[in-house]
There are 2 protein chains.
Amino acid sequence: MARSHPRRLARKPADRYHHGDLRRALVTEAVRTIQAKGVDALTLRAVGQKLGVSRTALYRHFADKSALLAAVAAEGFRTLRLQLVRSWEDGGRSAEAFNAMGVAYVTFAITHPSHYRVMFGGFVRDGTTDLELAQEGAGAFQALVDALVTLQRNGLLRQDEPFLLARFIWAIVHGLAMLIIDRRLGPGAPEPDELVRFALARLRTGIFI
Amino acid sequence: MARSHPRRLARKPADRYHHGDLRRALVTEAVRTIQAKGVDALTLRAVGQKLGVSRTALYRHFADKSALLAAVAAEGFRTLRLQLVRSWEDGGRSAEAFNAMGVAYVTFAITHPSHYRVMFGGFVRDGTTDLELAQEGAGAFQALVDALVTLQRNGLLRQDEPFLLARFIWAIVHGLAMLIIDRRLGPGAPEPDELVRFALARLRTGIFI
DNA sequence: ACCTGAACACCGTTCAAGT
DNA sequence: ACCTGAACACCGTTCAAGT
């Protein structure tokens, strides 16, 4: 009965230090804020406040705001890779599964537009070569390369240099995703699915006569 | 001989008001700063100072920073359109000229990475539908559509719906441009020219067997 | 080691006031 | 109409100090 007013929120948590993995909690909270209100709305002060931690506690785990954003981007690439691999494997590593990968890629971007922008929008400071970010980015790319190599082995795809081919495919889905997110395709634009389907169909036949 | 120290810079310009078109000067200076030091380095205070104007003079011509960035983006789309049209016409509106347009697009982005990012990076406030920006963006897109329609008329291109086809092509060059700018293609990536050439070659044959 | 509050330098924006 | 300086609210970051 030491507390006289149990209904009131305590000003300080029982344990003064953050319990568990503060670094992880910071990234999660940052992702949540970015998804909900956009990158511009992300402030270190608000993130700290949300976690019941001072606004400078973050500097124990990240060099600066850019480093936090790099972690957010890395997290995004990990999620993206998992979804790509799932589409590929669930579809039986077939040409149809390749199709599903393309749709999954664009769907991820449309579903998490702000997060996707952090992954690609140049928010991470230029000089920085964040190791985790580089690895996760390369990992997502590798999922695409693996699928292409498999298709080539099965005689379904031209024998182009796999990395060059992968960069080309990546540019297509990335371009589609970005244009859709930025609402640059105009009001009369077709649905994302239709765009992806058209792109894949033209990759099948070429566009020239 | 009223001035006792001619060598010293005058604190104030002879005429207290900015001469000529301040709006135009603000955009030009913003473009210059962005190109030289990136979007993050753009501050309204610095722009004003560079033009010998107070830091709030800008608000006579733009609602806020986002509106200035919209004008910067619109300017970028205009320049891009001019370069696309020039490549198309100088190449004789041929299939080869179409090729040149693709190279010109990616070249523009690589030559003006920060400016290009402003055009697409979601810097312009979401709610805003800046008229000038919408028009210039549509104009650049139309240059691509016109070229495609001409190629179709000449029997060089499949008779797909031109706008759908244009969005597909746009996604490809935009995706290539963004990945290159963001240095996402890795250290072993081929030169931009090679990427564009490969993309166009695969658009010719398709990628499947 | 990890966290804190106070302080610093900086920014976009507003506003009453000047010509 | 166009421009100005002062002021406001906000932010990332630093730092000496606490446990």
Side-chain angles (χ1 to χ4, degrees), chain A residues 10-27 29-30 33-34 37-73 114 118 121-128 130, chain B residues 10-27 29-30 33-34 37-73 114 118 121-128 130:
Chain A
R11 288 235 174 147
K12 300 253 179 191
D15 48 338
R16 303 179 48 123
Y17 284 6
H18 186 269
H19 51 283
D21 194 344
L22 177 56
R23 190 196 142 93
R24 178 98 223 113
L26 287 165
V27 174
E29 181 56 35
T33 302
I34 287 169
K37 303 194 259 176
V39 201
D40 290 347
L42 179 75
T43 72
L44 302 188
R45 295 159 122 93
V47 170
Q49 196 173 10
K50 209 67 172 292
L51 295 177
V53 137
S54 97
R55 56 179 161 272
T56 59
L58 174 142
Y59 289 91
R60 286 294 123 194
H61 300 275
F62 297 99
D64 52 20
K65 188 178 186 179
S66 176
L68 174 63
L69 285 174
V72 168
S114 299
V118 172
F123 289 97
V124 182
R125 212 177 33 212
D126 258 7
T128 315
D130 187 278
Chain B
R11 287 234 173 144
K12 300 252 178 190
D15 47 338
R16 304 178 47 124
Y17 283 8
H18 187 269
H19 51 282
D21 193 347
L22 177 56
R23 190 196 142 94
R24 178 99 223 112
L26 287 165
V27 174
E29 182 56 35
T33 303
I34 287 168
K37 304 192 259 177
V39 202
D40 289 346
L42 178 75
T43 72
L44 302 187
R45 295 160 122 93
V47 169
Q49 196 172 12
K50 208 68 170 293
L51 296 176
V53 136
S54 97
R55 56 177 159 271
T56 59
L58 174 142
Y59 288 91
R60 286 294 123 191
H61 301 276
F62 297 98
D64 51 20
K65 189 178 186 179
S66 176
L68 173 63
L69 286 174
V72 168
S114 299
V118 173
F123 289 98
V124 181
R125 208 178 35 212
D126 258 7
T128 315
D130 188 279

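Numbers restart at 1 for each chain; the letters A, B, ... are given by sequence-line order, proteins then strands. Since the structure is predicted, the reported quantities are computational estimates derived from the model, not experimental observations.
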Quickly work out the [X] [atom1] to [N] [atom2] distance and round it to whole Å.
X     : N      : atom1 : atom2 : result
A:Q49 : C:dG5  : CD    : P     : 11 Å
A:R23 : C:dC3  : CZ    : C1'   : 18 Å
A:R60 : D:dC15 : CZ    : P     : 12 Å
A:L51 : C:dC2  : CG    : P     : 16 Å

Contacts under 3.5 Å, N or O only, protein and nucleotides 8-12 of chain D:
unit_1: D:dG12; atom_1: OP1; unit_2: A:L44; atom_2: N; d: 3.4
unit_1: D:dG12; atom_1: OP1; unit_2: A:K65; atom_2: NZ; d: 2.9
unit_1: D:dG12; atom_1: OP2; unit_2: A:L44; atom_2: N; d: 3.1
unit_1: D:dG12; atom_1: N7; unit_2: A:R45; atom_2: NH1; d: 2.3
unit_1: D:dG12; atom_1: O6; unit_2: A:R45; atom_2: NH1; d: 3.4

Is any side-chain heavy atom of [X] less than 4.5 Å from a side-chain heavy atom of [Y]?
X     : Y     : answer
B:L22 : B:R60 : no
B:Y59 : B:L44 : yes
B:L69 : B:F62 : no

**Request:** Name all residues meeting the salt bridge (charged side-chain N to carboxylate O under 4.0 Å, His left out) criterion together with B:R23; count only those two or more places apart in sequence or in a different chain, and write none if there are none.
**Result:** B:E132
**Asked** Any stems for DNA chain D, made of 3 or more Watson-Crick or G-U pairs in a row, each with both distances under 3.5 Å?
**Response** C:4-8 with D:12-16, C:12-16 with D:4-8
**Prompt:** OP1 or OP2 of D:dC3 less than 4.0 angstrom from a side-chain nitrogen or oxygen of B:H61, does that happen here?
**Reply:** yes
**Whether A:K65 side chain and A:L42 backbone form a donor-acceptor pair below 3.5 Å** = yes
**Message:** Test of understanding: with side chain to side chain donor-acceptor pair (under 3.5 Å), list the residues that count as partners of A:S114, not counting sequence neighbours.
**Reply:** none
**Request:** Please identify each residue that fulfils side chain to side chain donor-acceptor pair (under 3.5 Å) with A:T56, with sequence neighbours left out.
**Result:** A:S54
**Asked** Looking at residues at least two apart in the chain, or sitting in another chain, which of them share a side chain to side chain contact (heavy atoms under 4.5 Å, CB included) with B:R45?
**Response** B:T43, B:R55
